[in-house]
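Naming: A, B, ... by sequence-line order, numbering from 1 per chain.
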Amino acid sequence: MNTAMSRYDPATIESKWQQEWDAAEVFQATSDPKRPKYYVLEMFPYPSGNLHMGHVRNYAMGDVVARYKAACGFNVLHPMGWDAFGLPAENAAMERKIHPGAWTYDNIANMKSQFRSLGLSLDWSREFATCDPEYYGQQQALFLDFLEKGLVYRKAAVVNWDPVDMTVLANEQVEDGRGWRSGALVERRELTQWFFRISDFSDDLLTALDGLENWPDKVRTMQANWIGRSRGLRFGFDLTTPSHGIDKVDVFTTRPDTLMGASFVGLSPDHPLTKALEAENPDLAAFCAECRSVGTSEEALEKAEKRGMDTGLRVRHPLKPDWELPVWVANFILMDYGTGAVFACPAHDQRDLDFARKYDLPVTETFESLSDPQPVTDKALIPPKSEKVRWINHFAGLDIATGDAAIEATIALAEKDGWGTGVTQFRLRDWGLSRQRYWGCPIPVVHCDACGVVPEKKENLPVRLPDDVSFDKPGNPLDRHDAWRNVPCPSCGAPAKRETDTMDTFVDSSWYFARFTSPGAATPTDRSEADYWMNVDQYIGGVEHAILHLLYSRFFSRAMAICGHLPDTAAEPFNALFTQGMVTHEIYQTRDGQGRPVYHLPAEVTDGKLENGDSVEVIPSAKMSKSKKNVVDPVGIVDRFGADTARWFMLSDSPPERDVEWTDAGAEAAHKHLARVWRMANELSESLPKAGESGAEAAPKAVSDAALARITARAIRDVTDGIDGFAFNTSVAKLYAFTAAIAKSKAPDTDRAAALSVLAQLMAPMTPHLAEDVWAKLGGTGLLANQPWPKADQALLVDQTVTLPIQVNGKRRSQLSVAKDMPKDEIEKLVLADPAVQKALAGGTPKKLIVVPGRIVNVVV
RNA sequence: GCCCGAGUGGCGGAAUGGUAGACGCAGGGGAUUCAAAAUCCCCCGCCGCAAGGCGUGCCGGUUCGAGUCCGGCCUCGGGUACCA
């Protein structure tokens, strides 16, 4: 026997079958109205330079679905591209003096070759990068269409400004209120920026969530909370003395029923009245400057210590004009929500209560608990709005009522008496898309002194990014690129200037799925292709995208449908969503001379020690990240074990929606198993008739051995159920068991070969190269990638007898093997005769006897 | 801070409200081998000699029966609108 031929050698078989698939163009998708389509998409990657294990897991899952659906007869679209604009390229440009485009395309080339080694069933003919002018040009066309439909507008908004680097910072570039490079305290600066009118769609985006039945509930809940519809009252507090031409402070509240518990009126540091007061009050100005120095992120604002300052102004209570309330500026009031001003009711709001205690402001209860009437001390009384409470001196005459009823009564009263209006408010804000950066899609407008903001003409698209830029100075290189900026006005022809802001990269990823249906089209989409392929039938990606990316994409699909680029049926673009967990790894750490942590790559650590013998501290698993050096490079794993092993391991053990820990031992076990399957096929192939010999055409078709046939039928059912239910880990477990059963079976080799062929088919979505090799060795005809999915023989799935566990008082004491359809009374007789039951009864009769047919028996004594 | 998840043996995990721990790893024992690697077989939640008891992050509840449902916590993770 030739030893080279008797060992599982993934390097050889993987490249062999990849070439076969390419040559046969198995994965190229062509629209065909006569066939049912299936569009499977994994969130496309950012081209950071290298694939990581999270990618392998994500794309292995998508590949399982794609290959499985193809085997089930669908015309499958499974494309791939690159989310290629973004900050890291500009950082690389600054740090390494390399053009962001060159850096990005190098990374893409590198990652693509890594992708190809994984043997994914991708249609590479549809590949594009969002930084390709052909792509972003169409994105600019979409922007102009949105502009025409009134879906985009400009308004002032605040950004993080680094006064030393003279540049706008992303939230992640702000650390403890300071710029990450300069260390300077950040300031909030107001700029005029472009916004998508996503908030016009708030109601629709919220109610349509109900129809997304194949989305995880958690994602729908998160989106619903994010959109945040709330019913409340908008009304004004009159100032006792008008200030700076302002005589009234408008507030929005979801708890107007607690108005009699009002303690003070609070203003955002960014409220117009605050700003007016600041000009003449240096203390207030200093306080507001401090409030603004924490940056713009909601997290930083909310986590900051709750602080405030009395403005000295007073307002009248709308229900009792002789009741005056102080007006405070407080750092926890957001200008972006409601009116940027609130009234505080400390008795029924924890944050207000903490604030009131700190500044010694009054705390007045407006209702008390029915079950436990206690005065509020340091814990606000906040029962569910559906719970009945006792009202104290309620202005609408309520006594015992729920919060919900009191809110509606208050709104009705306010509207009747004309001092307030019931409104439905959404938390969702319009989507600011302007970015003061180079490496993004240019916003295709021109600023003309005479004509104002003028859209670029569509025939002039794409507005290309200039290549000759430098990153040696802070700020956006487009701002100082006069040759690029200075253009004639598209409308009047006079000298004008291009917009130098580029688009948020979330725009790029909000429609790429639509572009994949016709990546070369001269318009954003080709409607016949989009009509055929949309929607995405299965979308797969990280749960970290649960809100922003998915919500923006839902908005974009609606907007594209309005502009005619997508059918109305694609307003919800993703029929089913699956969110997979992260890949984690232990972290290995030592300390340097100053006690600072030093991290080490897993590859540098053997048995808890470095090469020089130093032992490392093992920190529990965390998401793989470069800075913690707990990354496992897929390239190394593919070189060592093959792509099939990497894929198999990433699909085994952990449920796909949960995090998975990478361990070397697990990878080795996966490899061992694949080698075992290959070996079995190799051995069996030698005992089968060789091609050309008599009987060779009688390649294995069906398993005739009764026991093995039953096992095979069950394996088909169980593995299929696992794939259908996105429980790939249980499919893998069943495949392990099926393999062991074939190995143990005493059935004739032809039967075992037939069973092994089925195993290959079932493994094909996960380990496609190995499966092809086994299939071919066992005499399978054609490419396995083109074979239909095996069908389980239903007759073999039915059990004739069933084992019933017998519980006494809920604890298992015995069991009983009975015919599947034995009547209840017969089972009861057998149960009562059981020695363990007899013993428990001790001569008495059971209080209760529960028989759940086919499942369990419980005797209550 | 707020929103959303997750927590089961030494480890990853399985389990329509119905025998907790499938399958895999690690560990132990054995077979094969001159020896090893590789491979194959068996055992394997904890305490206990045993009978038996205890066990799904913690406390309580519903139920004949709870890992699963409900209430209250704890810890870890994701998001928090300019990271993608």
What is the distance from [atom1] of [X] to [atom2] of [N], rounded to the nearest Å?
{"X": "A/Arg554", "N": "B/A81", "atom1": "CZ", "atom2": "P", "result": "20 Å"}
{"X": "A/Lys672", "N": "B/A38", "atom1": "NZ", "atom2": "C1'", "result": "9 Å"}
{"X": "A/Glu668", "N": "B/A37", "atom1": "CD", "atom2": "P", "result": "14 Å"}
{"X": "A/Leu674", "N": "B/G24", "atom1": "CG", "atom2": "C1'", "result": "13 Å"}
{"X": "A/Asp336", "N": "B/A81", "atom1": "CG", "atom2": "C1'", "result": "9 Å"}
{"X": "A/Gln807", "N": "B/G18", "atom1": "CD", "atom2": "P", "result": "11 Å"}
{"X": "A/Asp718", "N": "B/A15", "atom1": "CG", "atom2": "C1'", "result": "13 Å"}
{"X": "A/Asp721", "N": "B/U16", "atom1": "CG", "atom2": "P", "result": "12 Å"}

Checklist entry - Would A/Arg813 and A/Ile806 count as a side chain to side chain contact (heavy atoms under 4.5 Å, CB included) if you check the C-alpha gap in whole Å, the side-chain angles of each, and the deciding distance to 0.1 Å? => result CA-CA 6 Å; A/Arg813 294 296 177 205; A/Ile806 301 176; 5.7 Å; no

Counting only side-chain N and O atoms of [X], is one of them less than 4.0 Å from OP1 or OP2 of [N]?
{"X": "A/Lys848", "N": "B/C64", "value": "yes"}
{"X": "A/Ser654", "N": "B/G12", "value": "no"}
{"X": "A/Arg220", "N": "B/C4", "value": "no"}

At a cut-off of 3.5 Å, list every protein nitrogen or oxygen paired with a nitrogen or oxygen from nucleotides 82-84 of chain B, distance to 0.1 Å.
residue	atom	partner	partner atom	Å
B/C82	OP2	A/Arg435	NH2	2.7
B/C82	O4'	A/Arg435	NE	3.2
B/C82	O4'	A/Arg435	NH2	3.3
B/C82	O3'	A/Asn171	N	3.3
B/C82	O2'	A/Asn171	N	2.6
B/C82	O2	A/Arg437	NH2	2.0
B/C82	N4	A/Gln193	OE1	3.4
B/C82	N4	A/Ser434	O	3.4
B/C82	N4	A/Gln436	OE1	3.0
B/C83	OP2	A/Asn171	N	3.4
B/C83	OP2	A/Glu172	N	2.9
B/C83	O4'	A/Glu172	OE1	3.2
B/C83	O4'	A/Glu172	OE2	3.1
B/A84	OP1	A/Leu87	N	3.2
B/A84	OP2	A/Thr505	OG1	3.4
B/A84	O3'	A/Asp83	OD2	2.7

Next on the checklist: Can you confirm whether A/Leu301 sits close enough to A/Leu334 that some side-chain heavy atom of one is under 4.5 Å from a side-chain heavy atom of the other?
Outcome noted: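 Yes, side chains in contact.
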
Checklist entry - Is the closest side-chain heavy-atom distance between A/Ile723 and A/Phe728 below 4.5 Å? => result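 Side-chain contact under 4.5 Å: yes.
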
Checklist entry - Taking the six-membered ring of A/Trp194, is the NZ or CZ of A/Arg154 close enough (under 6.0 Å from the centre) and on axis enough (within 45°)? => result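 Positive - A/Arg154 is close enough to the ring of A/Trp194 and near enough to its axis.
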
Next on the checklist: Can you see whether A/Trp226 has A/Arg427 sitting over its ring - NZ or CZ less than 6.0 Å from the centre and within 45° of the normal?
Outcome noted: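 Yes, A/Arg427 lies over the aromatic ring of A/Trp226.
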
Looking at [X] and [Y], does any basic side-chain N land under 4.0 Å from a carboxylate oxygen?
{"X": "A/Asp354", "Y": "A/Arg351", "answer": "no"}
{"X": "A/Arg181", "Y": "A/Glu95", "answer": "yes"}
{"X": "A/Asp504", "Y": "A/Arg435", "answer": "yes"}
{"X": "A/Arg292", "Y": "A/Asp270", "answer": "yes"}
{"X": "A/Lys303", "Y": "A/Glu299", "answer": "yes"}

Checklist entry - With respect to A/Val859, which candidate in A/Leu849, A/Val851, A/Asn809, A/Ile850 satisfies the side chain to side chain contact (heavy atoms under 4.5 Å, CB included) definition? => result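 One option only clears the test, and that one is A/Leu849.
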
Item to check | Contact residues, residues 723-732 of chain A to RNA chain B [heavy atom, < 4.0 Å] | outcome: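 Contacting residues: A/Asn729, A/Thr730.
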
Checklist entry - Which residues in residues 852-859 of chain A have at least one heavy atom lying under 4.0 Å from any atom of RNA chain B? => result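 A/Val852, A/Arg855, A/Ile856, A/Asn858, in order of number.
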
Checklist entry - How are the rings of A/Tyr512 and A/Phe44 set to each other: parallel, tilted or perpendicular (split at 30° and 60°)? => result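 Plane angle under 30°, so parallel.
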
Next on the checklist: Over 60° means perpendicular and under 30° means parallel, so tell me whether A/Trp439 and A/Phe85 are parallel, tilted or perpendicular.
Outcome noted: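 Judged by the thresholds at 30° and 60°, the geometry between A/Trp439 and A/Phe85 is perpendicular.
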
Counting only side-chain heavy atoms from C-beta out, which of [options] sits nearest to [X]?
{"X": "A/Asn225", "options": "B/C25, B/C42, B/C3", "result": "B/C3"}
{"X": "A/Arg676", "options": "B/C41, B/A81, B/C4", "result": "B/C41"}
{"X": "A/Pro805", "options": "B/C25, B/U19, B/A14", "result": "B/U19"}

Item to check | Conformer about C1'-N of B/G60 - syn within 90° of 0, anti elsewhere | outcome: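 Anti, angle beyond 90° from zero.
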
Donor-acceptor contact present, side-chain [X] to main-chain [Y], <3.5 Å:
{"X": "A/Arg752", "Y": "A/Ile742", "value": "yes"}
{"X": "A/Asn225", "Y": "A/Gly228", "value": "no"}
{"X": "A/Tyr135", "Y": "A/Asp508", "value": "yes"}

Checklist entry - Distance from A/His671 atom NE2 to A/Arg640 atom CZ, nearest 0.5 Å? => result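 Answer rounded to 0.5 Å: 9.5 Å.
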
Considering only nitrogen or oxygen atoms on both sides, find all protein atoms under 3.5 Å from nucleotides 43-45 of chain B and state each distance.
none

Checklist entry - If a stem is a run of at least 3 consecutive Watson-Crick or G-U pairs, both distances under 3.5 Å, which stems include RNA chain B? => result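 So far as stems of 3 or more pairs are concerned, RNA chain B shows B:1-7 with B:74-80, B:10-12 with B:23-25, B:27-31 with B:39-43, B:45-47 with B:52-54, B:57-61 with B:69-73.
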
At under 4.0 Å between heavy atoms, what does [X] touch on the DNA or RNA strands: base, sugar-phosphate, or nothing?
{"X": "A/Ala665", "answer": "sugar-phosphate"}
{"X": "A/Leu301", "answer": "nothing"}
{"X": "A/Arg679", "answer": "sugar-phosphate"}
{"X": "A/Ala669", "answer": "sugar-phosphate"}
{"X": "A/Ile547", "answer": "sugar-phosphate"}

Next on the checklist: Could you check, using the six-membered ring where one of them is a Trp, whether A/Phe506 and A/His549 have ring centers closer than 6.0 angstrom?
Outcome noted: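 Between A/Phe506 and A/His549, the centre distance exceeds or equals 6.0 Å.
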
Next on the checklist: Applying the ring-ring contact (aromatic ring centres under 6.0 Å, His included) criterion to A/Phe201, which one of A/Tyr552, A/Phe555, A/Phe426 satisfies it?
Outcome noted: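 It is A/Phe555; the other options fail the test.
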
Checklist entry - Given A/Phe641 and A/Trp648, is the ring-ring contact (aromatic ring centres under 6.0 Å, His included) satisfied, shown in steps? => result CA-CA 11 Å; A/Phe641 298 117; A/Trp648 180 258; over 10 Å; no

Checklist entry - Using the C1' atom in both, what is the distance from B/G17 to B/G30, to the nearest Å? => result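 Nearest-Å result for B/G17 against B/G30 at atom C1': 43 Å.
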
Checklist entry - Of A/Lys744 and A/Glu302, whose closest RNA chain B nucleotide lies nearer the 5' terminus? => result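 Looking at RNA chain B, the more 5' nearest nucleotide goes with A/Glu302.
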
With 3.5 Å as the limit, what N/O pairs link the protein to nucleotides 52-55 of chain B?
none

Checklist entry - Does A/Glu298 get its side chain close enough to the base of B/G1, under 3.5 Å, for a donor-acceptor pair? => result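 A donor-acceptor contact between them is present.
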
